[in-house]
K.L.:
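Sharing a structure with you now.
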Amino acid sequence: MSENSNPESSNFIRNIIKDDIKNKKNKSLVHTRFPPEPNGYLHIGHAKSICLNFGIANDFNDGLCNLRFDDTNPIKEDLEFTKSIQQDVKWLGFEWGERLFYASDYFEQLFEFAKQMINDGKAYVDHLSAEEIREYRGTLTEPGKESPHRGRSVEENLSLFDRMRAGEFEEGECVLRGKIDMSSPNMNMRDPTIYRIKKATHHRTGNDWCIYPMYDYTHCISDALEGITHSLCTLEFEDHRPLYDWFLEKLSAPCHPQQIEFARLNLNYTVTSKRKLNELVKDGDVSGWDDPRMPTIVGMRRRGYTPESIRDFCHRIGVTKNDTAIDVSVLENSVREDLDNRAPRVMGILDPLKVVINNYPEGETEQLEAPNHPNDKEMGARKLSFSRIIYIEKNDFMEDPPKKFFRLAPGKEVRLRYAYFIICNEIIKDSSGNLVELHCSYDPDTKGGNAPDGRKVKGTIHWVSAEHAFKAEVRLYDRLFNDPKPDSNRHQKDWKDFLNRESKKIIKEAYLEPSLQSAKNEEFFQFERLGYFCVDNKDSEKGKPIFNRTVSLRDSWLKQKKEN
RNA sequence: UGGGGUGUAGCCAAGCGGUUAAGGCACAGGGUUUUGAUCCCUGCAUUCCCAGGUUCGAGUCCUGGCACCCCAGCCA
């Protein structure tokens with residue numbers, strides 16, 4: 001929705017594709033794929049790739065985008081991730097139709113291709129140990145040397161490879177390698193491993209196999225088998241492209257997809273490596289992969305980010321080969337913009353201060369009308385109960401306010417939103433001098449919030465009737481790290497030293513508008529003057545919703561205060 | 001003197017030899033406002049990592065530097 005309102009931004013990948021279409025390359029077709037390994041939850045970085053791949057397919061000549069699991073390492077992968085990934089991609093708003101694939105679907109073909117390579121003298125079985133292979137590989141500046149088994153005959157290799165498949169060798173005993181060039185300046189070309197032995201149960205193929213193909217070999221062939229035209233991946237695979245091309249060329253693949261690399265997303269004040277996210281979960285720094293502070297899709301969803309806002313964000317950040325870090329303010333701007341348009345307004349008090357309106361009749365309640373969205377009549381209105389005792393936000397009152405303070409103070413008049421003007425007459429404190437409550441008086445003529453005599457009031461504050469308030473738990477979240485680049489290592493500190501220990505604050509009893517009691521999971525609201533909140537989709541119970549703060553409203557008063 | 005990449009504002013990013021270097025975020029100022037929100041104006045790179053060169057004309061082409069990122073898994 002928000003994407004259509006933006007002019008399509010150009011990026012180097014789209015430019016390449018436009019050219020390809022113009023030149024009738026691939027018969028002017030566009031077919032991409034999103035190829036996650038099912039070994040973890042998707043995060044905001046994956047969202048960038050998803051939006052890129054599915055977005056491009058969507059925008060060019062009715063292109064297609066496959067969802068393909070790169071499941072070639074049974075030890076790390078799990079069915080659970082396969083499910084969560086599909087759910088996340090769907091939630092983000094993308095569809096793969098009938099085109100859900102698994103690299104493991106191609107194991108048999110991959111095996112046949114490998115035999116072809118052996119037949120063509122392009123691959124051999126090596127009995128060097130892992131450690132020896134590393135030694136033989138050489139270093140970045142020195143060429144490697146050839147394995148003593150490199151010269152084995154086609155027949156011997158074929159037989160050995162069959163025996164590998166048959167399970168006659170132990171893990172680590174031997175591997176199948178491509179025969180390329182041990183002195184290549186590109187490490188990936190120094191006889192890369194194609195198959196290794198893993199006597200592990202695969203989440204889809206069970207115990208059918210004890211040899212598993214490596215990424216470089218599998219990925220390019222999978223792409224070719226699926227008729228992918230543009231294979232988009234991140235920068236660290238740039239060095240792998242010659243190998244990608246080498247395999248496809250040597251195997252006379254049915255087609256030759258073009259690999260194009262782009263920079264992965266880095267976001268300030270967070271980490272986006274699966275390893276680190278895993279560590280946070282494992283060490284209990286967060287409550288799980290779906291902790292609302294996590295940059296995972298499930299976490300962001302629980303926090304209240306909408307699919308629309310995430311797509312908008314991915315659209316805004318662009319696609320380049322620059323190694324960059326995007327400021328979280330861009331992300332926050334995307335949700336604020338989306339939610340500002342769509343979130344119904346409600347009132348809620350997070351840090352209550354009791355206010356007694358002395359001249360309001362005791363025991364009386366009246367219904368006041370409040371629009372659900374000030375700039376969108378279509379969203380309707382609701383009735384608010386008003387009575388003699390209300391709660392306001394503690395920080396909306398100051399006993400001794402600075403000059404520019406527009407809120408309530410002794411002798412000052414403010415407007416209660418959609419209700420009345422009130423003046424603070426008296427401050428009640430307990431014996432130790434703590435503020436307990438305020439005694440105010442209201443002006444009955446200002447019902448609805450306007451004075452017939454035309455007098456103006458500088459501040460409008462939110463409120464909730466004490467007797468009618470719905471008490472609920474509210475969780476305030478803040479950024480997980482204090483440092484913009486926690487993993488940059490530049491202070492010789494561990495990335496975890498930058499964890500923001502105040503990133504989660506629980507308010508057990510906030511006072512909310514009663515209508516909120518029936519709020520459904522993931523329903524979102526703007527708590528006026530506070531921020532955007534959504535119903536926690538995990539810990540809420542029927543009639544007992546818990547509210548997560550997605551993001552606060554911009555607050556120029558807070559900013560001003562901080563500067564002083 | 002290993003290879004592969006990248007350098008346009010505080011953060012992203014368009015720009016494909018030819019008007020005054022798009023746009024977003026952030027920031028600053030002003031207006032509207034029953035949210036100190038939203039919205040609306042205005043400002044924000046005499047200059048594109050640096051130095052030379054080609055050209056009537058260079059962010060765009062050439063040469064030489066500099067800085068940063070990635071690669072030595074039987075991970076992806």
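Numbers restart at 1 for each chain; the letters A, B, ... are given by sequence-line order, proteins then strands.
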K.L.:
Suppose you measure atom C1' in G36(B) against the same atom in G31(B); what distance do you get, rounded to whole Å?
P.N.:
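The answer is 15 Å between these two C1' atoms.
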
K.L.:
Base, sugar-phosphate alone, or nothing: which one does V319(A) contact when heavy atoms must sit under 4.0 Å apart?
P.N.:
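Since only primed, P, OP1 and OP2 atoms lie under 4.0 Å of V319(A), the category is sugar-phosphate.
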
K.L.:
What contact category does R137(A) fall into here, base, sugar-phosphate, or nothing, at under 4.0 angstrom with non-hydrogen atoms?
P.N.:
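Answer is sugar-phosphate: R137(A) comes under 4.0 Å of backbone atoms only.
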
K.L.:
Side chain of D327(A) only, please: which of A76(B), C11(B), A14(B) is the nearest?
P.N.:
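Side chain of D327(A) sits closest to C11(B).
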
K.L.:
With a centroid cutoff of 5.5 Å and a plane-angle limit of 30°, would you call Y215(A) stacked on A76(B)?
P.N.:
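Y215(A) ring does not meet the centre or angle cut-off for A76(B); no stack.
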
K.L.:
For L128(A), report the nucleic acid contact type (base, sugar-phosphate, nothing); a contact means any heavy atom under 4.0 Å.
P.N.:
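Since a base atom lies under 4.0 Å of L128(A), the category is base.
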
K.L.:
Below 3.5 Å, does any donor atom in the side chain of R134(A) face an acceptor in the base of G73(B), or the other way round?
P.N.:
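In this structure, the two groups form no donor-acceptor pair.
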
K.L.:
Considering only A76(B), A13(B), G2(B), which nucleotide approaches the side chain of P185(A) most closely?
P.N.:
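The nucleotide sitting nearest to the side chain is G2(B).
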
K.L.:
Evaluate the salt bridge (charged side-chain N to carboxylate O under 4.0 Å, His left out) criterion for residues D59(A) and R14(A): first the C-alpha distance (whole Å), next the side-chain angles of each, then the deciding distance (0.1 Å), finally the verdict.
P.N.:
CA-CA 10 Å; D59(A) 293 349; R14(A) 281 173 180 266; 2.9 Å; yes

K.L.:
Need one value for S556(A): base, sugar-phosphate or nothing, where a base atom within 4.0 Å counts as base even if backbone is also close, heavy atoms only.
P.N.:
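Touches sugar-phosphate only.
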
K.L.:
Taking for each residue the nucleotide of RNA chain B bearing the nearest heavy atom, is the 5' side occupied by R554(A) or by A419(A)?
P.N.:
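Comparing both residues, the 5'-ward one is A419(A).
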
K.L.:
How is R177(A) classified with respect to the nucleic acid when contacts are heavy atoms under 4.0 Å: base, sugar-phosphate, or nothing?
P.N.:
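Contact class for R177(A): none.
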
K.L.:
L140(A) side chain: which of G2(B), C74(B), A76(B) is closest?
P.N.:
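Of G2(B), C74(B), A76(B), G2(B) is nearest to the side chain of L140(A).
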
K.L.:
Would you measure the distance from the P atom in C62(B) across to the matching atom in C70(B) and give it in whole Å?
P.N.:
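These two P atoms come out 27 Å apart once rounded.
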
K.L.:
H202(A) and F107(A): aromatic ring centres closer than 6.0 Å?
P.N.:
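Yes - the distance between ring centres of H202(A) and F107(A) falls below the 6.0 Å cut-off.
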
K.L.:
In terms of side-chain heavy atoms of K198(A), which of C12(B), C27(B), C75(B) is nearest?
P.N.:
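Nearest listed nucleotide: C75(B).
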
K.L.:
Report which part of the nucleic acid H240(A) touches: base, sugar-phosphate, or nothing (heavy-atom distance under 4.0 Å, all strands).
P.N.:
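Since a base atom lies under 4.0 Å of H240(A), the category is base.
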
K.L.:
Would you mind reading off the distance between R14(A) atom CZ and C16(B) atom P, rounded to a whole angstrom?
P.N.:
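Answer to the nearest Å: 19 Å.
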
K.L.:
Salt bridge or not for D487(A) and R275(A), using N-O below 4.0 Å?
P.N.:
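No, D487(A) and R275(A) are not salt-bridged.
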
K.L.:
Please measure how far the P atom in G52(B) lies from the corresponding atom in G17(B), and state the result in whole Å.
P.N.:
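It works out to 25 Å between them.
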
K.L.:
Quick one: is R529(A) getting a side-chain N or O under 4.0 Å of the G36(B) phosphate, OP1 or OP2?
P.N.:
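Answer yes for this pair, as a side-chain N or O of R529(A) is under 4.0 Å from OP1 or OP2.
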
K.L.:
Check every atom of G24(B), G7(B), G36(B) against the side chain of N322(A) and return the nucleotide holding the closest atom.
P.N.:
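Side chain of N322(A) sits closest to G7(B).
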
K.L.:
Given the C1' atoms of G15(B) and A9(B), what is the spacing between them in whole Å?
P.N.:
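Nearest-Å result for G15(B) against A9(B) at atom C1': 15 Å.
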
K.L.:
Is there side-chain contact between Y212(A) and P74(A), with heavy atoms separated by less than 4.5 Å?
P.N.:
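Yes. Closest side-chain heavy atoms under 4.5 Å.
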
K.L.:
Mind checking if L553(A) touches a base, just sugar-phosphate, or nothing, with heavy atoms under 4.0 Å?
P.N.:
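L553(A): base contact, heavy atoms under 4.0 Å.
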
K.L.:
Ring centroid separation for Y215(A) and H219(A), is it under 6.0 angstrom?
P.N.:
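Between H219(A) and Y215(A), which both carry aromatic rings, the centre distance is below 6.0 Å.
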
K.L.:
When the distance from CE of M182(A) to P of A72(B) is rounded to whole Å, what number comes out?
P.N.:
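So the CE-P distance, M182(A) to A72(B), works out to 14 Å.
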
K.L.:
With rounding to whole Å, what would you report as the distance between C66(B) and C56(B) at their C1' atoms?
P.N.:
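To the nearest whole Å, 32 Å.
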
K.L.:
Using the side-chain heavy atoms of D239(A), tell me which of these nucleotides is nearest: G4(B), G36(B), C27(B).
P.N.:
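Taking heavy atoms from C-beta onward, the closest nucleotide is G4(B).
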
K.L.:
Taking atom P of C74(B) as reference, at what distance in whole Å does atom CG of D216(A) sit?
P.N.:
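Interatomic distance, CG of D216(A) to P of C74(B): 10 Å.
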
K.L.:
Under 4.0 Å, heavy atoms only, any strand: does K458(A) hit a base, just the sugar-phosphate, or nothing?
P.N.:
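The residue K458(A) makes no contact with any strand.
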
K.L.:
I need the single residue from R150(A), R137(A), K145(A), K179(A) that forms a salt bridge (charged side-chain N to carboxylate O under 4.0 Å, His left out) with D191(A). Which is it?
P.N.:
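Between D191(A) and the candidates, salt bridge (charged side-chain N to carboxylate O under 4.0 Å, His left out) is satisfied uniquely by R150(A).
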
K.L.:
To the nearest angstrom, how far is F12(A) atom CZ from C12(B) atom C1'?
P.N.:
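Answer to the nearest Å: 15 Å.
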
K.L.:
Quick one: is R336(A) getting a side-chain N or O under 4.0 Å of the C25(B) phosphate, OP1 or OP2?
P.N.:
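Checking R336(A) against C25(B): no side-chain N or O falls below 4.0 Å of OP1 or OP2.
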
K.L.:
If you look at every strand shown and take non-hydrogen atoms under 4.0 Å, does N73(A) touch a base, only sugar-phosphate, or nothing?
P.N.:
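Touches sugar-phosphate only.
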
K.L.:
Over all strands shown, is N15(A) touching base, sugar-phosphate only, or nothing at heavy-atom distances under 4.0 angstrom?
P.N.:
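Base, at least one base heavy atom under 4.0 Å.
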
K.L.:
We want to know whether S329(A) and D327(A) form a side-chain donor-acceptor pair, criterion being a heavy-atom distance below 3.5 angstrom.
P.N.:
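Checked: S329(A)/D327(A) side chains pair up, N/O donor to acceptor below 3.5 Å.
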
K.L.:
Checking contacts here: which listed nucleotide (C69(B), A72(B), G3(B)) is nearest the side-chain heavy atoms of M187(A)?
P.N.:
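Nearest to the side-chain atoms of M187(A), counting from C-beta on, is A72(B).
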
K.L.:
Please tell me if T320(A) has a side-chain N or O lying less than 4.0 Å from either OP1 or OP2 of A13(B).
P.N.:
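It does, given that an N or O in the side chain of T320(A) lies less than 4.0 Å from OP1 or OP2 of A13(B).
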
K.L.:
Toward the 5' end of RNA chain B, which comes first, G138(A) or Y532(A), by nearest nucleotide?
P.N.:
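Mapping each residue to its closest nucleotide by heavy atoms, the 5'-most match is Y532(A).
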
K.L.:
Please report the distance, rounded to the nearest Å, between CG in D340(A) and P in U33(B).
P.N.:
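Value for this atom pair: 18 Å.
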
K.L.:
How about F406(A) and W557(A): are their ring centres within less than 6.0 Å of each other?
P.N.:
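They do not qualify: ring centres at least 6.0 Å apart.
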
K.L.:
Aromatic ring centroids of F111(A) and F161(A) under 6.0 Å?
P.N.:
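Judged by ring-centre distance (under 6.0 Å), F111(A) and F161(A) do meet the cut-off.
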
K.L.:
As a test of reading the structure: which of A14(B), C25(B), C75(B) is closest to the side chain of V330(A), going by heavy atoms?
P.N.:
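Among A14(B), C25(B), C75(B), the one nearest the side chain of V330(A) is C25(B).
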
K.L.:
Categorize E142(A) for me: base, sugar-phosphate, or nothing, with a 4.0 angstrom heavy-atom threshold over every strand shown.
P.N.:
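Here E142(A) touches no strand at all.
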
K.L.:
For P374(A), which contact category applies under a 4.0 Å heavy-atom criterion: base, sugar-phosphate, or nothing?
P.N.:
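Touches a base.
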
K.L.:
Checking contacts here: which listed nucleotide (G24(B), C74(B), A28(B)) is nearest the side-chain heavy atoms of K559(A)?
P.N.:
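Selected nucleotide (nearest to the side chain): A28(B).
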
K.L.:
How is T72(A) classified with respect to the nucleic acid when contacts are heavy atoms under 4.0 Å: base, sugar-phosphate, or nothing?
P.N.:
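Result for T72(A) = sugar-phosphate.
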
K.L.:
Report the distance from atom CG of N188(A) to atom P of A76(B), rounded to the nearest whole Å.
P.N.:
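Result: 13 Å.
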
K.L.:
Please evaluate the base of U38(B) for a donor-acceptor partner in the side chain of E337(A) within a cut-off of under 3.5 Å?
P.N.:
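There is none.
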
K.L.:
When the P atoms of U38(B) and A51(B) are compared, how many Å lie between them, rounded to an integer?
P.N.:
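The answer is 42 Å between these two P atoms.
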
K.L.:
Testing the 3.5 Å rule here: is there a donor-acceptor pair between the side chains of E337(A) and S334(A)?
P.N.:
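There is no such pair between these side chains.
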
K.L.:
Is any N or O donor-acceptor pair between the side chain of D555(A) and the base of G36(B) shorter than 3.5 Å?
P.N.:
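Absent.
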
K.L.:
Reckon E37(A) touches a base, only the sugar-phosphate, or nothing at all at heavy-atom distances under 4.0 Å?
P.N.:
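The answer is sugar-phosphate, as E37(A) gets under 4.0 Å only of primed atoms, P, OP1 or OP2.
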
K.L.:
From CD1 of I75(A) over to C1' of G73(B), roughly how many Å is that when rounded to an integer?
P.N.:
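So the CD1-C1' distance, I75(A) to G73(B), works out to 12 Å.
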
K.L.:
For C68(B), give the paired nucleotide (Watson-Crick: N1-N3 plus N6-O4 or O6-N4; G-U: N1-O2 and O6-N3; both under 3.5 Å), or none.
P.N.:
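Across any shown strand, C68(B) pairs with G5(B).
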
K.L.:
Considering only U35(B), G2(B), C74(B), which nucleotide approaches the side chain of T460(A) most closely?
P.N.:
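Of the options given, the side chain of T460(A) lies nearest U35(B).
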
K.L.:
Could you classify G73(B) for me, syn or anti, using a glycosidic angle within 90° of 0 as syn?
P.N.:
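Base orientation relative to the sugar is syn.
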
K.L.:
With rounding to the closest Å, how many angstrom separate the C1' atoms on G10(B) and C27(B)?
P.N.:
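Rounded to whole Å, the distance is 8 Å.
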
K.L.:
Can you measure K321(A) atom NZ to C68(B) atom C1' for me and round it to whole angstrom units?
P.N.:
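The distance from NZ of K321(A) to C1' of C68(B) comes to 16 Å, rounded to the nearest Å.
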
K.L.:
Taking atom P in both C50(B) and G43(B), what distance in whole Å separates the two?
P.N.:
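Roughly 26 Å separates the two P atoms.
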
